[in-house]
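This report concerns only the one structure given below.
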Amino acid sequence: MPKITYIEQNGTEHVVDAEVGLSVMEAAVRNMVPGIDADCGGACACATCHVYVDEAWLEKTGKPEAMEESMLDFAYEPKPNSRLSCQIRVSEALDGLVVRLPEFQG
Amino acid sequence: MIIGAGQAGAQAAASLRQEGFAGAITLLGEETPPPYQRPPLSKAYLMGALEESRLYLRPRDFYEKNAIELRLGARALRIDRAGKAVTLESGEALAYDKLLIATGAPPRRIPVPGADLPGVAYLRTIEDSDALRAVLAGARRLVIVGAGYIGLEVAAAARKAGLEVTILELAPRALSRVACPQVSAFFHDLHRAAGVDLRLETALAGFEGAGRLEAAVLQSGERVACEAALVCVGAAPETQLAEDAGLKVENGVWVDETAQTEDPSIWAAGDCANHPSVLYGRRVRLESVPNAIDQAKAAAANMTGKRVVYDATPWFWSDQYDVKLQTAGLGEGADQVIARGDPKSKRYAVFSLKQGRLLAVDAMNDPASFIAGKKLVALKASPNPKMLADPAADLKSLLAAPPKEQD
C-alpha cells in the first residue's frame with residue numbers, strides 16, 4: 001500500500017499505509033491522524049480537511065477543481081499548495097506523499 | 001454513558017477523551033454497525049458507489065484504543081435518574097455518573113393503508129439504504145412521498161439509475177420547511193428538467209398492491225403505478241427515554257445553551273435536542289451533521305466540568321445531480337431576499353435578511369457565497385445588499401475587519 005506522511009504543525013509525523021481508492025482524508029481518519037476533522041465526511045462541503053501538499057508532490061496530486069479552490073480560498077491560511085484532502089485520491093503514484101497540516105481547520 | 005451511537009454520540013465519546021476525561025465511557029448503539037455517517041445513504045452509498053466500511057466515522061479499533069466501550073445492538077429502555085442507571089432491553093442495568101442523550105430523529109411514519117406493503121421504504125439506517133437499493137433494483141417506477149432533502153436526493157440518485165420518479169408533496173413548494181421560495185423554485189426546476197414528475201399540493205391516500213406494492217393512491221383518487229416507494233416526510237426527535245424519565249421535552253429534549261437538561265447529570269445533543277440559539281434568540285432543533293458534531297463537542301466539554309456555550313452557526317449541505325447546495329444560518333423571519341447569479345447557470349446564491357441583518361445564505365455551486373455568508377451570519381452582520389447581489393463583487397472584502405476607531 002502507498003505510504004503517506006502527515007506532518008502536524010508541531011512537527012509530529014504520522015506515516016500511514018493508505019489503501020488505494022480511498023481519499024487522503026479517509027486514510028488519515030482511518031489511521032487516527034489528528035488535525036483532520038472532515039466534518040462533512042468527504043463531500044467537499046466543509047473545508048475541515050485542509051492540508052498543504054509538499055511541493056515535490058504537487059504535480060502528482062494535481063490541481064483543485066473550481067469548487068474546491070473556492071472553499072480553500074476561505075480556509076485558515078491558504079497557500080498555493082493548499083488542498084482539501086478529501087479530494088485527493090490515493091493511488092500507487094502517490095506512494096511517499098507528504099502533506100502538512102494547518103494550525104486550524106475551518 | 002452515551003445513549004445513541006450516531007454522529008453526535010460518537011463525536012461526544014471522542015471529544016471526552018480529547019478533553020482529557022480519564023474515566024470509563026460507554027457508547028450505546030441500537031444498530032449493529034459501528035458509528036457511521038448517514039448522508040451518503042441517500043446518495044453515493046444508495047447507488048452502490050461507496051462500500052459500507054467507508055461510512056464508518058472512525059476505524060473500529062479507535063474505540064478500543066481510546067477505552068470507549070462500544071456496545072452495539074444495545075437498546076436502552078429506561079433511564080433511572082434517582083438511581084443513576086440506564087436499563088437495557090436485555091434487563092442489564094448500567095450505572096452512570098453523567099449521561100448524554102443522543103438518540104437522533106427517526107423518520108416520521110405515515111398511517112396510511114398499504115404502508116407496510118413490500119416495496120414501501122423509509123430511509124435512516126444502512127439497513128434501510130440496503131433495502132431501498134434492493135427495491136430500486138427491481139423497480140421501473142419510484143414514488144417518493146415528501147419533497148424534502150432526502151426525497152430530492154433519492155430522486156436524483158434514482159433518475160441517474162434510470163428510474164421513472166414521481167414526487168408527491170403536500171405543500172405548495174418543495175423544501176417548504178427548510179428553504180426560502182427562491183431555493184424551492186431552483187430545486188423544483190432542477191428536478192423537472194431531470195425528468196422528475198414533481199407534484200405539489202398532492203396528498204397521498206395510501207398504497208395498493210396484491211402482496212407487493214403496485215401503486216400509490218392519491219386523495220384525488222388517481223393511482224400512480226409504481227414498484228417502489230420511499231416515504232420521507234420529515235423526522236421526529238426520539239424523546240421517549242427522556243419523557244419517561246420525567247425530563248422536559250418540547251419538540252426534542254429540552255437543553256440549555258450548554259446542552260444540559262434540567263437534570264445536572266444529563267446532557268443531550270444532536271437531532272434530538274431542542275436548544276436555545278444564541279445567534280437567533282429563540283429555541284431551535286436542528287437536523288444536521290454539523291449541529292450533531294458541534295453540539296456534541298460542547299456537551300462533552302461541559303460533561304468534564306468546563307462551561308462551553310454552544311453557539312455554532314447552523315449549516316447544512318445537499319448534493320443533487322451536478323448541484324451542491326451549502327446553506328448557513330436560518331432564514332425564517334426574513335423580510336428581504338437577495339439573489340446572486342443566474343439560477344439557469346446553476347451557480348446561484350440566495351441571501352435572506354431581516355432589517356438588513358443577514359440571517360441565512362443558500363448557495364448552489366457557489367462555495368464562496370456560502371463561506372462568506374456563513375461568516376457574516378455568525379457576525380450578525382448587515383452586509384451591503386448591492387454587493388451581495390453582484391456576482392462580480394468580492395465577498396471577501398465584506399469580511400475585512402471594520403476600521404478601528406481613532407484613539
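By convention in this document, chain letters (A, B, ...) are assigned in the order of the sequence lines, proteins followed by strands, and residues within each chain are numbered from 1.
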Spacing of Asp73(A) atom CG and Asp394(B) atom CG [to the nearest 0.5 Å]: 8.0 Å

message: Counting C-beta onward and ignoring hydrogens, is there a side-chain heavy-atom pair between Arg30(A) and Arg54(B) closer than 4.5 Å?
response: yes

field: Top of Gly42(A), Pro34(A), Ala43(A), Ala38(A) for chain B proximity - count of heavy-atom pairs under 4.5 angstrom
entry: Ala43(A)

message: Can you tell me which of Arg60(B), Gln11(B), Arg58(B), Gln326(B) forms the most heavy-atom pairs within a distance under 4.5 Å of chain A?
response: Gln326(B)

query: Minimum heavy-atom separation for Val29(A) to Leu57(B), with atom names?
result: CG1-O, 3.3 Å

- line: Within residues 74-95 of chain A, the residues sitting under 4.5 Å from chain B by heavy atom, in sequence order, are Phe74(A), Arg89(A)

- prompt: How close do Val289(B) and Asp39(A) get, heavy atom to heavy atom, and via which atoms?
  reply: CG1-O, 3.6 Å

- request: Under 4.5 Å heavy-atom distance to chain A, tell me which part of Lys375(B) shows up: side chain, backbone, both or neither.
  value: side chain

- prompt: Heavy atoms, side chains only, cut-off 4.5 Å: are Ser70(A) and Phe370(B) in contact?
  reply: no

query: Under a 4.5 Å heavy-atom cut-off, does chain A meet the side chain of Leu55(B), its backbone, both or neither?
result: neither

task: Could you tell me which portion of Lys65(B) (side chain, backbone, both or neither) has an atom closer than 4.5 angstrom to a non-hydrogen atom of chain A?
output: side chain

- request: Please report the closest heavy-atom contact between Gln37(B) and Cys40(A), naming both atoms and the distance.
  value: OE1-O, 3.9 Å

message: Taking CD in Glu52(B) as the centre, count heavy atoms belonging to other residues, nucleotides or ligands within less than 6.0 Å. Is the count above 12?
response: yes

field: Engaged part of Ala372(B) at the chain A interface, taking heavy atoms whose separation is under 4.5 Å
entry: both

query: How many angstroms lie between CG in Asn365(B) and CE in Met67(A), if you round to the nearest 0.5 Å?
result: 5.0 Å

